[in-house]
Engineer: 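The structure follows.
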2 protein chains.
Amino acid sequence: MPEAPPPAPTGDELLKVLSALGNPHRMRIVAALMESRNYVSALARLIGMGRPLLHMHLQRLEAAGLVAGTLEVAEDGKTVKYYDVTPFFYELTPRVVAQAAATITDTTETDRTAGRSAKEEAK
Amino acid sequence: MPEAPPPAPTGDELLKVLSALGNPHRMRIVAALMESRNYVSALARLIGMGRPLLHMHLQRLEAAGLVAGTLEVAEDGKTVKYYDVTPFFYELTPRVVAQAAATITDTTETDRTAGRSAKEEAK
DNA sequence: GCCACCTGTCAAAGATTCCTGACACATATC
DNA sequence: GATATGTGTCAGGAATCTTTGACAGGTGGC
């Protein structure tokens, strides 16, 4: 059977992926996780960076679907969060970009019909 | 003849490309230029954005090698700068990213032994 | 000269992102 | 209980990016 046709990522998706990967730290994180899955604290020590910071970067990567974290319980009962790299694949060409650009959800329009939590309306 | 082998972009290059494309405006600019080459002012009107801003975005894209601008002289003598999309192609996978991550020039650590162009050493 | 169009740059404001140092909460070991 | 390891979050400042308005040219046509 033939190969799957070139998947056309949505603008927002591609945007998240590109901005997530367009950062040196995040690139290194992916690289480190490629060698072997790891949990947050250990990874932080490995690439010398604060936990809060790493945590934030990992969230950005996970939100883009590039890595996946799972909260596991080690044999000794400690809860540990392991991260793995997702086998992603994106083709970056003018056509793909142009196509994606057409489906971008302009986030600037603060809301409109989008009902917020109905809480900060206090202002 | 066979296809060219998977090109391995350097970390800095990939970084510039990804961060350049990881912006809604810049994506739309590429999309607009895909339909037809155009000059700055016209493009600005086309996608409703200020010239100074467009100018800056175009520079970022050009610095990443995604578009190319040429200053041309129209028949009536007016100087106009046309921009074209460069036929780029990048493959985004964990392996590529990991490989690129290994060749990132950390711009924060002022230098070290890394031999630079031997020019800004002046300081 | 004056107007219309093009090019480019600058400074200052606005918005985001990035980063750090607490803090709170779990479990296992000493 | 005290210590060490793991988890996560928050507030605030630092650093960057984004955006705008004003300015300084250039050419051609009325």
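Computed from a predicted structure; not experimentally measured. Below, read A as the first sequence line, B as the second, and so on, with proteins coming before strands; counting in each chain starts at 1.
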Engineer: Just checking B:M56: base, sugar-phosphate only, or nothing, at a heavy-atom cut-off of under 4.0 Å?
Structural biologist: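 The answer is base, as B:M56 lies within the cut-off (heavy atoms under 4.0 Å) of a base atom.
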Engineer: When you check the gap from the basic side-chain N to the acidic O, do B:K78 and B:E72 get nearer than 4.0 Å?
Structural biologist: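 Between B:E72 and B:K78 there is no salt bridge, as every charged N stays at least 4.0 Å from the carboxylate O atoms.
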Engineer: I'd like to check A:L58 versus A:V40 (side-chain heavy atoms, cut-off strictly below 4.5 Å). Are they in contact?
Structural biologist: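 Yes; the side chains approach each other to less than 4.5 Å.
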Engineer: Just how far, in rounded Å, is C1' of D:dT7 from CG of A:L54?
Structural biologist: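 Rounding to the nearest Å, CG of A:L54 and C1' of D:dT7 are 13 Å apart.
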Engineer: For A:N23 and D:dT16, give me the distance from atom CG to atom P, rounded to whole Å.
Structural biologist: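 Value for this atom pair: 12 Å.
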Engineer: Hydrophobic clustering (ILVMFWY, side-chain heavy atoms < 4.5 Å, transitive) - are A:L43 and B:I104 grouped together?
Structural biologist: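 As far as the 4.5 Å side-chain criterion goes, A:L43 and B:I104 are connected within one cluster.
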Engineer: Could you state the atom-to-atom distance from CG of A:L53 to P of D:dA14 in whole Å?
Structural biologist: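 It is 17 Å, rounded to the nearest whole Å.
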Engineer: How many Å lie between CG on B:L15 and P on D:dC17, as a whole number?
Structural biologist: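 So the CG-P distance, B:L15 to D:dC17, works out to 11 Å.
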Engineer: Hydrogens and angles aside, do A:E91 and A:T93 bring a side-chain donor and acceptor to less than 3.5 Å of each other?
Structural biologist: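 Note: A:E91 and A:T93 side chains miss the donor-acceptor criterion.
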Engineer: Tell me: OH of B:Y82 to C1' of C:dT7, nearest whole Å?
Structural biologist: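 Distance, rounded to whole Å: 14 Å.
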Engineer: For B:Y83 and C:dC6, give me the distance from atom OH to atom C1', rounded to whole Å.
Structural biologist: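 Rounded to whole Å, this separation is 14 Å.
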Engineer: Do the non-hydrogen side-chain atoms of B:V73 and B:T79 ever get within less than 4.5 Å of each other?
Structural biologist: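 Result yes, sub-4.5 Å side-chain heavy-atom pair found.
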Engineer: Tell me the interatomic distance from B:H57, atom NE2, to D:dC17, atom C1', rounded to whole angstroms.
Structural biologist: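 That distance rounds to 9 Å.
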Engineer: Output one letter per nucleotide in nucleotides 23-30 of chain D: B when a protein non-hydrogen atom lies under 4.0 Å from the base, S when only the sugar-phosphate is that close, - when neither is.
Structural biologist: ----BS--
Engineer: For DNA chain C, what residues of residues 24-47 of chain A have any heavy atom nearer than 4.0 Å?
Structural biologist: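 Here the set is A:H25, A:R26.
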Engineer: Grab the NZ-P distance between A:K16 and C:dT16 for me, whole Å please.
Structural biologist: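 After rounding, the reported distance stands at 17 Å.
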Engineer: Let me know, please, whether A:S19 or B:L71 comes out on the 5' side of the other along DNA chain C by nearest nucleotide.
Structural biologist: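 Nearest-nucleotide comparison on DNA chain C picks B:L71.
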Engineer: Find the distance between NZ (B:K81) and CG (B:N38) and round it off to the nearest 0.5 Å.
Structural biologist: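 Answer for the NZ-CG pair, B:K81 versus B:N38, is 14.0 Å.
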Engineer: Under the side-chain contact (heavy atoms from CB on, under 4.5 Å) rule, what do A:D84 and A:V67 come out as? Steps first, then yes or no, please.
Structural biologist: CA-CA 5 Å; A:D84 293 88; A:V67 304; over 6 Å; no
Engineer: Do B:Y39 and B:I29 land in one hydrophobic cluster if side-chain heavy atoms of ILVMFWY residues count as linked below 4.5 Å?
Structural biologist: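 In one cluster with B:Y39: B:I29, no.
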Engineer: Do the side chains of B:V97 and A:F88 get nearer than 4.5 Å, heavy atoms only?
Structural biologist: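 A:F88 reaches B:V97 side chain to side chain.
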Engineer: Please assess B:L33 against B:L61 for the test side-chain contact (heavy atoms from CB on, under 4.5 Å), listing each intermediate value before the final yes or no.
Structural biologist: CA-CA 12 Å; B:L33 289 180; B:L61 286 169; 5.9 Å; no
Engineer: Could you check whether any side-chain heavy atom of A:L15 comes within less than 4.5 Å of a side-chain heavy atom of B:N23, counting everything from C-beta outward?
Structural biologist: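 A side-chain contact under 4.5 Å is absent here.
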Engineer: Can you pull every protein N or O that's under 3.5 Å from an N or O on nucleotides 9-11 of chain D?
Structural biologist:
none

